[in-house]
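Counting starts at 1 for both ligands and their atoms, in listed order.
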Amino acid sequence: MKAIRVHTIGGPEVLIYEEIAKPEPGNGEARVKIEASGVNYIDTYQRTGLYKVPLPFILGQEAAGVVDAVGAGVTEVKPGDRVAYASALGAYAEYAIVPAWRLVPVPEGVDARQAAAAMLQGMTAHYLACDTFPLKPGDTALVHAAAGGVGLLLVQIAKMRGARVIGTVSTEEKAALARQVGADDVILYTETDFEAAVKQLTDGKGVDVVYDSVGKTTFDQSLNCLRRRGYMVLFGASSGPVPPLDPQVLNAKGSLFLTRPLLAHYTADRAEVLARAHDVFEWVRAGKLHIRIDRTFPLAQAADAHRALQSRATKGKILLLP
Ligand code: NDP
C-alpha cells in the first residue's frame with residue numbers, strides 16, 4: 001500500500017510517499033480502508049519532533065473509511081462497516097490499523113469526507129465547550145484562531161450552548177467566516193491589540209474563558225483578558241510552545257485557573273468516544289454544525305498540505321485523499 005512515512009524529523013520535505021506492506025490487524029484491532037484522512041496541527045508537531053514519536057512512523061491521527069479486516073477478539077465492528085476515528089497514529093495511508101474501540105460508526109447522511117473532517121477537530125471543540133469549561137448562557141468566551149479547523153467548530157458549539165463569542169483571526173476574509181458561523185465580535189489580532197479590544201468589548205470585566213490554541217504569541221495577553229477566577233484553556237501551540245510559567249502569575253492576575261487539555265484524555269474509553277462522536281455527527285446531520293472542508297490534497301502531496309496549514313493559509317479542514 002501507499003503511505004506517507006517520516007524517517008527523520010524536520011520540515012514538510014521529510015514526508016515521504018512510499019510503498020510499504022499492507023499491515024495485518026492484531027488482537028482487538030481492525031484494518032480500515034481509508035477514503036479520507038484528516039490533516040491536523042498535531043501532525044506538524046510530530047513531524048518536527050515537538051511531540052516525540054519513534055522513527056520511522058506513518059503520520060496522521062484521523063480518517064474515515066470502511067473496515068476491511070478485523071483481528072481476534074474484535075466485537076465493536078465488522079468488515080464492511082463505515083467508520084471514522086481519531087487519536088490513532090498511521091492515517092496518512094491507504095490502510096490503517098486502529099484499536100477497534102476507537103472506531104465510530106458513521107451514520108447515514110454523513111459522507112466519508114465529512115466524517116474524517118468532523119472527528120478530531122469536532123470532538124476537540126466538543127470537549128472544550130462542553131467539559132473543560134462547560135459554557136452556559138451568559139458566559140463570554142474568547143476563541144483564538146476562530147476561522148481555523150477547531151476554531152470554526154468551537155465558535156458554533158459555543159453559540160449552541162448560549163455563550164457570547166469573541167473570536168480572533170488574522171485576515172478580513174477569516175473574520176467574515178468566523179462571523180458567518182456565529183461569532184458575535186471578531187478581532188484582527190494581527191492589526192489590533194486584542195487585549196485592549198476584549199477589555200473594551202466586556203466593559204473592562206474580561207471574559208469567563210479563553211480557548212487559546214495559538215500559544216506563544218497570545219498566551220500572556222490571553223491571561224490579561226480573563227475576569228477574576230476566569231479559565232485559561234491552553235490547548236495548542238500553533239505559534240510555538242508557551243515557556244514555563246510561575247504559578248504566582250495566576251494569583252496576581254485574579255486567582256485564575258489554567259489547564260492544558262488533550263483530546264485523548266477526553267476520549268479515554270469507548271463510551272466517551274461514542275458519546276462525543278454521536279453528538280458531533282447528530283449536529284452535522286441536523287445542519288446545526290457546519291463542517292468547512294477548505295481543501296483536499298492527494299495523499300502523495302501531504303507536504304503541500306502541511307505547508308498550507310502552517311502558513312496560516314487555510315480556513316477549516318484539510319483532507320488527504322489516497
Ligand atoms: P488551524 O486550522 O486552527 O490552524 C492554525 C491557525 O492558528 C492558523 O490558521 C492561524 O489562524 C493560527 N495561527 C496563529 N499564529 C500562527 C502561527 N505563527 N503559525 C501558524 N498558525 C498560526 O489548525 P487546527 O484546527 O488543526 O488546530 C488548531 C490548534 O488546536 C492547534 O494548535 C492544535 O495543536 C490544537 N489542537 C489541540 C487539541 C487538544 O486536544 N489539545 C486537539 C486538536 C487541535 P489565523 O491566521 O487566524 O491567525
Side-chain angles (χ1 to χ4, degrees), residues 11-12 37-48 50-51 59-62 86-87 91 116-133 142-157 166-179 181 183 186-192 194 210-219 221-222 232-242 258-268 272-273 276 280 291-295 305-320:
S37 313
V39 176
N40 293 287
Y41 229 91
I42 189 173
D43 305 344
T44 71
Y45 305 149
Q46 292 180 327
R47 192 203 72 222
T48 56
L50 182 63
Y51 289 3
L59 203 58
Q61 294 272 337
E62 167 185 55
S87 304
M119 287 299 287
L120 198 149
Q121 293 168 342
M123 291 198 295
T124 298
H126 185 287
Y127 86 70
L128 292 171
C130 304
D131 291 290
T132 307
F133 184 88
L142 175 63
V143 176
H144 286 306
V150 175
L152 285 171
L153 302 174
L154 183 52
V155 170
Q156 293 177 76
I157 297 174
I166 303 173
T168 62
V169 296
S170 65
T171 65
E172 286 293 354
E173 215 186 334
K174 288 185 173 185
L177 259 183
R179 279 194 199 95
V181 298
V186 183
I187 303 164
L188 262 67
Y189 59 179
T190 39
E191 292 174 14
T192 304
F194 74 83
V210 179
Y211 294 109
D212 190 339
S213 64
V214 174
K216 190 175 173 183
T217 59
T218 48
F219 183 80
Q221 278 192 288
S222 292
M232 176 66 187
V233 180
L234 174 69
F235 71 99
S238 301
S239 68
V242 173
L258 167 65
T259 182
R260 181 39 177 109
L262 181 73
L263 174 62
H265 300 149
Y266 284 83
T267 47
E272 199 170 31
V273 171
R276 242 179 253 296
V280 171
I291 306 278
R292 184 173 198 279
I293 298 175
D294 186 67
R295 50 188 104 168
H306 278 217
R307 288 185 189 101
L309 183 62
Q310 289 189 284
S311 66
R312 304 171 81 159
T314 58
K315 301 180 282 296
K317 190 71 198 178
I318 308 179
L319 294 176
L320 299 178

Report yes or no: does a heavy atom of [X] sit under 4.0 Å from some atom of ligand 1?
X    : value
G151 : no
Y266 : no
A237 : yes
R260 : yes

| Hey, is ligand 1 close enough to K174 that some N/O pair sits below 3.5 Å? |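 Yes, there is a polar N/O contact under 3.5 Å.
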For ligand 1, which part of [X] has a heavy atom less than 4.0 Å away: the side chain, the backbone, both, or neither?
X    : answer
V150 : both
T124 : side chain
T168 : neither

| message | Give me the residue, atom name and distance of the protein heavy atom closest to atom 13 (N) of ligand 1. | response |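 Heavy-atom neighbour on the protein nearest atom 13 (N) of ligand 1: R312 NE, 3.7 Å.
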| message | Return the closest protein heavy atom for atom 17 (C) of ligand 1 as residue, atom name and distance. | response |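 Closest protein heavy atom to atom 17 (C) of ligand 1: S238 O, 3.6 Å.
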| request: Give the atoms of ligand 1, by number and element, whose distance to some non-hydrogen atom of L263 is under 4.0 Å. | output: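 It comes down to these atoms of ligand 1: 39 (C), 40 (O).
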| query | Ignoring hydrogens and geometry, is there a side-chain-to-backbone donor-acceptor pair from S239 to V214 under 3.5 Å? | reply |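 Yes; at least one donor-acceptor contact below 3.5 Å.
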| With respect to N40, which candidate in Q46, Q61, E62 satisfies the side chain to side chain donor-acceptor pair (under 3.5 Å) definition? |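 So the option named by the test is E62.
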| query | Does any non-hydrogen side-chain atom of Y189 lie less than 4.5 Å from one of T217? | reply |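 Not touching, per the 4.5 Å side-chain cut-off.
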| query | Got a sec: does the CD of E191 have more than 12 other heavy atoms crowding it under 6.0 Å? | reply |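 Buried by this count: over 12 neighbours within 6.0 Å.
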